[in-house]
Amino acid sequence: MPKRIAILTGGGDCPGLNPAIRGVVLKAHKLGYECVGIQEGWKGMINASAKPIGPDDVRALVGKGGTVLGTSRTNPYKKDGGVPAVLETFKKLNLHALVAMGGEDTLGVANKLYKEHKVNVVGVPKTMDNDLDATDYTFGFDTAATLAMEAAERLADTGRSHRRIMVLEVMGRHAGWVALYTAIGAGADYLCLPERPVDVEDMCAKLKTAHAARNVALVVASEAVDIPGEKKEEQLDEFGHMILKDRGVAERLTKLIETRTGIETRSAVIGHMQRGGPPTLFDRILGTRVGVKAADLIHEGKFGHMTALKGDAVVAVSLEAATAKLKTVTPGWLKFSDDLL
Ligand code: F6P
């Protein structure tokens, strides 16, 4: 009987998950393992919800967005009997190892299960936010930022025709990577990210100058940015993170800018569109590489590790290091963008 590997995808989906699942399954098969797909993240490990997944199921997945396994933001540590149920599922499904694909939340659970219960787990980093510390990039980010960049350019086109200021709100949670890359890639005039408070005077002055010169000014703002003015009541998810939808960042910035500059201003929020659609080439390759490496790590018995991109190499880093702190935009990157914008 071949040893069995389970795969789960947890947290927000992102393009690159399907190529990563494909990478694990194809390499695991080559190494003589069979695979099962856990349905909807840790929820599926609590409920023992799994389906066999083999090479024929995954071959055509490299260009597909989303995750064929489904996902959830379930945290077994926040559910009564959640952790014992996960351990029970491990035995019941006769699992040799589990590949957990996720961001800091999903991998934080994987790390605790490894440390506290010696579960044979290997992590694969994914998040459009690109905020995992121990890897240079996470798949999902390139696709999200590329889509956001194209949206920003479209906004600028219509804004120029109408002589308006345009504001684009992007996702990224508490890290401003998506906003930063979008702003640089689209040649924006102002960038608002969660790593520093919005300087309203500076923003309005720069927007007026840009608008006078080019008939349009473009702002890229992250969903988690702090805007002076009224505070909204924040809701938390099972991992204790603020639920950022409905904060109305784009709308609030638009009103503020229009009032202060006297220039007609419009905004757009692209939200979950950043998480759907086919992965870019970069995300297809990165997803595939980290997936294949996860199967290798299992074969080597290197549990409690995550696959990570370091320079041009895909290596193993400890789950502990990967989940210790969030990777936010560095002062060096802020200076780089300030020199351009
Ligand atoms: O963490 C990925 C992410 O897309 C964040 O950028 C965003 O704040 C959040 O997920 C949205 O979550 P949900 O899909 O649960 O609304």
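Order of listing sets the numbers, starting from 1, for every ligand and every atom in it.
- Which parts of ligand 1 touch Arg173 is read off a 4.0 Å heavy-atom cut-off, strictly below it: atoms 6 (O), 8 (O).
- Salt bridge annotation for Asp226-Arg247: present, with a cationic side-chain nitrogen under 4.0 angstrom from a carboxylate oxygen.
- The shortest heavy-atom distance from Gln274 to ligand 1 is not under 4.0 Å.
- Close N/O approach between Thr127 and ligand 1 is not found [any backbone or side-chain N/O within under 3.5 Å].
- Look at Asp105 and Lys78 and you find no salt bridge, because none of the NZ, NE, NH1 or NH2 atoms lies under 4.0 Å from a carboxylate O.
- Arg160 places no side-chain N or O within 3.5 Å of a backbone atom of Val216 that could act as its donor or acceptor partner.
- Looking only at heavy atoms of the protein, atom 9 (C) of ligand 1 is closest to Arg73 NH2, 3.6 Å.
- Among all protein heavy atoms, the one lying closest to atom 11 (C) of ligand 1 is Arg275 NH1, 3.5 Å.
- Between the NZ atom in Lys327 and the CD atom in Glu104 there is a gap of 12.5 Å [rounded to 0.5 Å].
- Heavy-atom contacts of Glu223 reach the following atoms of ligand 1: 5 (C), 6 (O), 7 (C), 8 (O) (cutoff under 4.0 Å).
- Heavy atoms of Gly172 approach ligand 1 to within less than 4.0 angstrom.
- A salt bridge does not link Asp57 to Lys51: none of the charged side-chain nitrogens sits closer than 4.0 Å to a carboxylate oxygen.
- Given atom 2 (C) of ligand 1, the protein heavy atom at minimum distance is Asp129 OD2, 3.3 Å.
- Of all atoms in ligand 1, numbered sequentially from 1 with element shown, those under 4.0 Å from a heavy atom of His272 are 13 (P), 14 (O), 16 (O).
- Nearest heavy-atom pair across Gly108 and Thr323 is N-CG2, 3.7 Å.
- Close approach of ligand 1 to Met128 is summarised as follows: ligand atoms under 4.0 Å from at least one heavy atom of the residue are 4 (O).
- The environment of Lys92 atom NZ is sparse: at most 12 non-hydrogen atoms of other residues, nucleotides or ligands sit within 6.0 angstrom.
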